Enquirer: 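Handing you this structure, nothing more for now.
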Amino acid sequence: MKINHLFLSINAADFAAQSEWWKNFIGRPWDREPMPSCREWDLTGRVLFQVLDSDDGQGGTTVTLHVPDLDAETERLGRAGIEVPEPVKVEGFDTLRYAEFADPEGNTVGLLDGS
């Protein structure tokens with residue numbers, strides 16, 4: 001299987017609020033709106049993240065992002081009004097740490113650093 005792009009999508013019951021929350025989380029506005037019900041960010045070379053307007057209000061998505069400096073991101077997110085719990089060491093790894101929390105609609109969001 002060859003994968004050209006990876007799309008991570010969140011279905012949002014409140015499209016405007018979710019878009020704003022993820023704008024603050026990522027730290028910048030979306031890169032494009034390919035259609036009125038989709039806001040999209042280019043995260044890395046072939047990874048795109050989308051907030052989609054959900055017709056049925058269902059969600060349940062988990063998004064985990066590996067970042068270079070979890071402490072710096074936690075601080076930045078705190079300034080943006082997003083509370084991130086203290087990271088925990090991931091068992092079986094030397095330096096891997098993880099912090100898990102939820103977005104406004106209860107989707108699980110994780111931040112990871114180390115190896």
Side-chain angles (χ1 to χ4, degrees):
M1 174 188 302
K2 181 182 176 194
I3 299 171
N4 291 325
H5 293 91
L6 174 63
F7 292 86
L8 302 170
S9 303
I10 296 239
N11 294 304
D14 185 336
F15 182 61
Q18 277 291 74
S19 297
E20 186 67 20
W21 190 90
W22 281 98
K23 179 185 85 170
N24 290 332
F25 179 79
I26 292 171
R28 62 183 171 82
W30 44 90
D31 296 306
R32 72 190 66 75
E33 286 185 73
M35 61 188 108
S37 61
C38 177
R39 293 183 175 147
E40 189 171 82
W41 288 261
D42 296 319
L43 296 183
T44 64
R46 298 184 182 267
V47 178
L48 293 97
F49 176 76
Q50 301 174 319
V51 173
L52 305 173
D53 194 3
S54 174
D55 291 335
D56 61 8
Q58 299 299 310
T61 305
T62 298
V63 176
T64 301
L65 304 167
H66 188 267
V67 297
D69 186 343
L70 183 52
D71 296 323
E73 286 303 318
T74 298
E75 185 179 315
R76 182 187 69 78
L77 292 169
R79 288 192 305 271
I82 299 171
E83 246 183 82
V84 178
E86 191 68 31
V88 297
K89 186 179 179 311
V90 178
E91 226 174 288
F93 293 86
D94 292 333
T95 62
L96 200 61
R97 298 181 311 144
Y98 182 70
E100 182 178 284
F101 50 104
D103 73 9
E105 292 188 5
N107 296 297
T108 301
V109 180
L111 292 176
L112 188 65
D113 78 353
S115 56

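Not measured: the values here are computed from a predicted model.
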Enquirer: Would you say Arg97 and Asp71 make side-chain contact, with heavy atoms under 4.5 Å?
Expert: yes

Enquirer: Can you label the angle between the Phe49 ring and the Trp22 ring as parallel, tilted or perpendicular, going by 30° and 60°?
Expert: tilted

Enquirer: Please tell me whether Leu8 and Leu52 are part of a single hydrophobic cluster in this structure, the criterion being side-chain heavy atoms less than 4.5 Å apart.
Expert: no

Enquirer: Minimum heavy-atom separation for Leu48 to Arg32, with atom names?
Expert: CD2-NH1, 3.7 Å

Enquirer: Out of Ile82, Val63, Ile10, which one pairs with Asp103 under the side-chain contact (heavy atoms from CB on, under 4.5 Å) rule?
Expert: Ile10

Enquirer: By the side-chain hydrogen bond (donor to acceptor under 3.5 Å, both in side chains) test, which pairs, at least two apart or in different chains, include something from residues 83-93?
Expert: none

Enquirer: What are the two closest heavy atoms between Ala99 and Pro85, and how far apart are they?
Expert: CB-O, 3.7 Å

Enquirer: Between Val88 and Leu70, is there shared hydrophobic-cluster membership here, with clusters defined by ILVMFWY side-chain heavy atoms closer than 4.5 Å?
Expert: no

Enquirer: Do Val67 and Phe101 share a hydrophobic cluster, counting only Ile, Leu, Val, Met, Phe, Trp and Tyr and linking them when any side-chain heavy atoms are less than 4.5 Å apart?
Expert: yes

Enquirer: Give the intermediate values and the outcome of side chain to side chain contact (heavy atoms under 4.5 Å, CB included) for residues Leu43 and Ile26.
Expert: CA-CA 9 Å; Leu43 296 183; Ile26 292 171; 4.1 Å; yes

Enquirer: Do you know which two heavy atoms are closest between Phe15 and Cys38, and how far apart they sit?
Expert: CZ-N, 3.7 Å

Enquirer: How far does CD of Glu105 sit from OG1 of Thr61, to the nearest 0.5 angstrom?
Expert: 10.0 Å

Enquirer: Please check: side-chain N/O of Glu100 versus main-chain N/O of Thr108, any donor-acceptor pairing under 3.5 Å?
Expert: no

Enquirer: State the CG-OG1 distance between Asp113 and Thr95, to the nearest 0.5 angstrom.
Expert: 7.5 Å

Enquirer: Output all residues satisfying side-chain hydrogen bond (donor to acceptor under 3.5 Å, both in side chains) with Thr74, sequence neighbours left out; order by chain, then residue number.
Expert: none

Enquirer: Would you kindly confirm whether Leu65 and Val109 end up in one hydrophobic cluster when ILVMFWY residues are joined by side chain heavy atoms under 4.5 Å apart?
Expert: yes

Enquirer: Is it true that Val90 and Val84 fall in one hydrophobic cluster, defined by side-chain heavy atoms closer than 4.5 Å?
Expert: no

Enquirer: Verify side chain to side chain contact (heavy atoms under 4.5 Å, CB included) between Trp41 and Lys23, making sure each step is shown before the conclusion.
Expert: CA-CA 9 Å; Trp41 288 261; Lys23 179 185 85 170; 4.2 Å; yes

Enquirer: Output all residues satisfying ring-ring contact (aromatic ring centres under 6.0 Å, His included) with Trp21, sequence neighbours left out; order by chain, then residue number.
Expert: Phe25

Enquirer: Identify the two heavy atoms, one from Asn107 and one from Gln18, that lie closest to each other, and give their separation to 0.1 Å.
Expert: ND2-NE2, 3.6 Å

Enquirer: Between CZ of Arg39 and CD of Gln50, what distance do you get to the nearest 0.5 Å?
Expert: 13.0 Å

